[in-house]
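The next block holds one structure in the form of structure tokens; read it before the comments.
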Amino acid sequence: MAIVLGPNRYGKAETRLVRVVRDGDTHALTDLNVSVSLAGDLAATHLTGDNSAVLPTDTMKNTVYAFAREGLGEPEAFGLRLARHFVQTLGHVDTATVTIESYGWRRLGPHSFQRTGDLTRTATVTVHPAGVQVVSGISDLVLLNTTASEFHGFIKDRYTTLPETSDRILATAVNARWRHLGDDTDWAGSFDGVRDALVSAFVNTYSHSLQQTLLSMGTVVLSRRPEVAEVRLALPNKHHYLVDLAPFGLDNPGEVFQAGDRPYGLIEGTVTRDDAPPATTGWYL
């Protein structure tokens, strides 16, 4: 039996970057978390400790900051610049992946801001021998419908205690990733359009299951956004339990609920165009 080195990569994770653009008295703020990963002919450092082909991860961090000084733009565009730089300047590196989390800030004044926590925008760019792949995303987009949701007709066995319901609260924290068909698009417009499509589908779908809602959300995104090849969604079911107020001599006509924390149901799925080209490389939520 032979023991061999399998696929490997290395990089600098979670470089925190805040960029302030000072336009007179009015400033603009961008807040990013940038991770870089490189793969290619890197066997020597594993097999013999020869580091002659290793770009220090500290250099990757410095490169992120230096490129930021030249300007950021949208997360996808910044990721493309970084990934292409590493592949083009390091002959032994054939794949560079840049993953970016973008945190929102709401303007309070010319130079004052408040951090928003309604969602996190993400972008993952991969420059690979087979091509360039751009995946955008949203994390922790919390949505809730107080009605227009049912759940019944499910399997029941000796361990089933969940009652059927024809009216329930449906809530989730959307984690979505979508793969673009190209690497040249209006990134800001595309992000806003996908986010609005996800929200619109959630609001306007009468749901018999969170799985049904997932398919509706992906379908609306693909029908509205021709630049998107496929959408992957992970939807935790944020359970809300009707509180029994009878011990206190009170009724509860669907008004007082306990918001459950864990455990929770987790619904995951992919919605894709049947004619979409295959992904250049693996991509995950």
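On a predicted model such as this, the values are computed, not experimentally measured, just so you know.
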Is there a side-chain contact (heavy atoms from CB on, under 4.5 Å) between Leu214 and Met217? Walk through the geometry before answering.
CA-CA 5 Å; Leu214 181 151; Met217 294 171 79; 5.7 Å; no

Closer than 3.5 angstrom, by distance alone: can the side chain of Arg107 be matched with the main-chain N or O of Ser112 as a donor-acceptor pair?
no

Exam field: side chain Arg168 to backbone His239, donor-acceptor pair closer than 3.5 Å
no

When you look at CG of Asp184, are more than 12 heavy atoms from neighbouring residues, nucleotides or ligands closer to it than 6.0 Å?
no

Are Thr30 and Phe78 close enough that some pair of their side-chain heavy atoms sits under 4.5 Å apart?
no

Between the OG1 atom in Thr99 and the CD atom in Glu14, the distance rounded to the nearest 0.5 Å is 10.5 Å

Could you walk me through whether Asp118 and Arg195 pass the salt bridge (charged side-chain N to carboxylate O under 4.0 Å, His left out) test, one step at a time?
CA-CA 12 Å; Asp118 55 340; Arg195 178 200 58 209; over 6 Å; no

Answer yes if the side chains of Thr281 and Gln133 hold a donor-acceptor pair under 3.5 Å, and no otherwise.
no

CA sep, side-chain torsions, deciding dist, call: Asp157, Thr160, side chain to side chain donor-acceptor pair (under 3.5 Å)
CA-CA 5 Å; Asp157 64 14; Thr160 301; 3.2 Å; yes

Output the distance between atom CZ (Arg16) and atom OH (Tyr65), rounded to the nearest 0.5 Å.
8.5 Å

Would you say the side-chain atoms of Ser200 and Asn204 include a donor-acceptor pair closer than 3.5 Å?
yes

Rounded to the nearest 0.5 Å, how far does CG of Leu119 lie from OG of Ser102?
9.5 Å

Please confirm whether the backbone N or O of Ala53 pairs with a side-chain atom of His92, one donor and one acceptor, at under 3.5 Å?
yes

Is the backbone N or O of Pro253 less than 3.5 Å from a side-chain atom of Asp251, with the two atoms forming a donor-acceptor pair by type?
no

To the nearest 0.5 Å, what is the distance between CG (Leu250) and CG (Asp244)?
10.5 Å

Working to the nearest 0.5 Å, report the span between CG of Leu17 and CZ of Phe67.
13.0 Å

For the student: nearest non-hydrogen atoms of Gly131 and Thr280, plus distance
O-CG2, 3.6 Å

Within a radius of less than 6.0 Å around CZ of Arg115, do more than 12 heavy atoms belonging to other residues, nucleotides or ligands occur?
yes

Ser207 side-chain N/O to Ser209 backbone N/O, donor-acceptor pair under 3.5 Å:
yes

Could you walk me through whether Glu150 and Tyr206 pass side chain to side chain donor-acceptor pair (under 3.5 Å), step by step?
CA-CA 8 Å; Glu150 306 179 12; Tyr206 190 101; 2.6 Å; yes

Would Arg121 and Glu76 pass as an ion pair if we require N to O under 4.0 Å?
yes

Is a side-chain donor or acceptor of Asn237 paired with a backbone partner of Ile267 at a separation under 3.5 angstrom?
no

Considering only heavy atoms from C-beta outward, does the side chain of Glu227 approach that of Leu181 to under 4.5 Å?
no

Tell me whether Thr63 contacts the main-chain N or O of Thr59 through its side chain, where contact means a donor paired with an acceptor under 3.5 Å.
yes

Side chain of Tyr10, backbone of Leu55: donor and acceptor closer than 3.5 Å?
yes

Contact between Val127 and Phe86 at the side-chain level, heavy atoms closer than 4.5 Å - yes or no?
no

Is a donor from one side chain sitting under 3.5 angstrom from an acceptor on the other, for Ser139 and Arg177?
yes

Linking I/L/V/M/F/W/Y whenever their side-chain heavy atoms sit closer than 4.5 Å, directly or via other members, would Ile100 and Leu38 fall into one cluster?
yes

Please answer whether the main-chain N or O of Thr126 pairs with a side-chain N or O of Thr97 as donor and acceptor at a distance below 3.5 Å.
no

Establish, from distance only, whether the side-chain atoms of Asp167 and Thr147 form a donor-acceptor pair under 3.5 Å.
yes

Where the side chain of Glu164 meets the backbone of Gly153, is there a donor-acceptor pair that is under 3.5 Å apart?
yes

Looking only at heavy atoms, which two atoms of Gly254 and Leu242 are closest? And how far apart?
CA-CD1, 3.7 Å

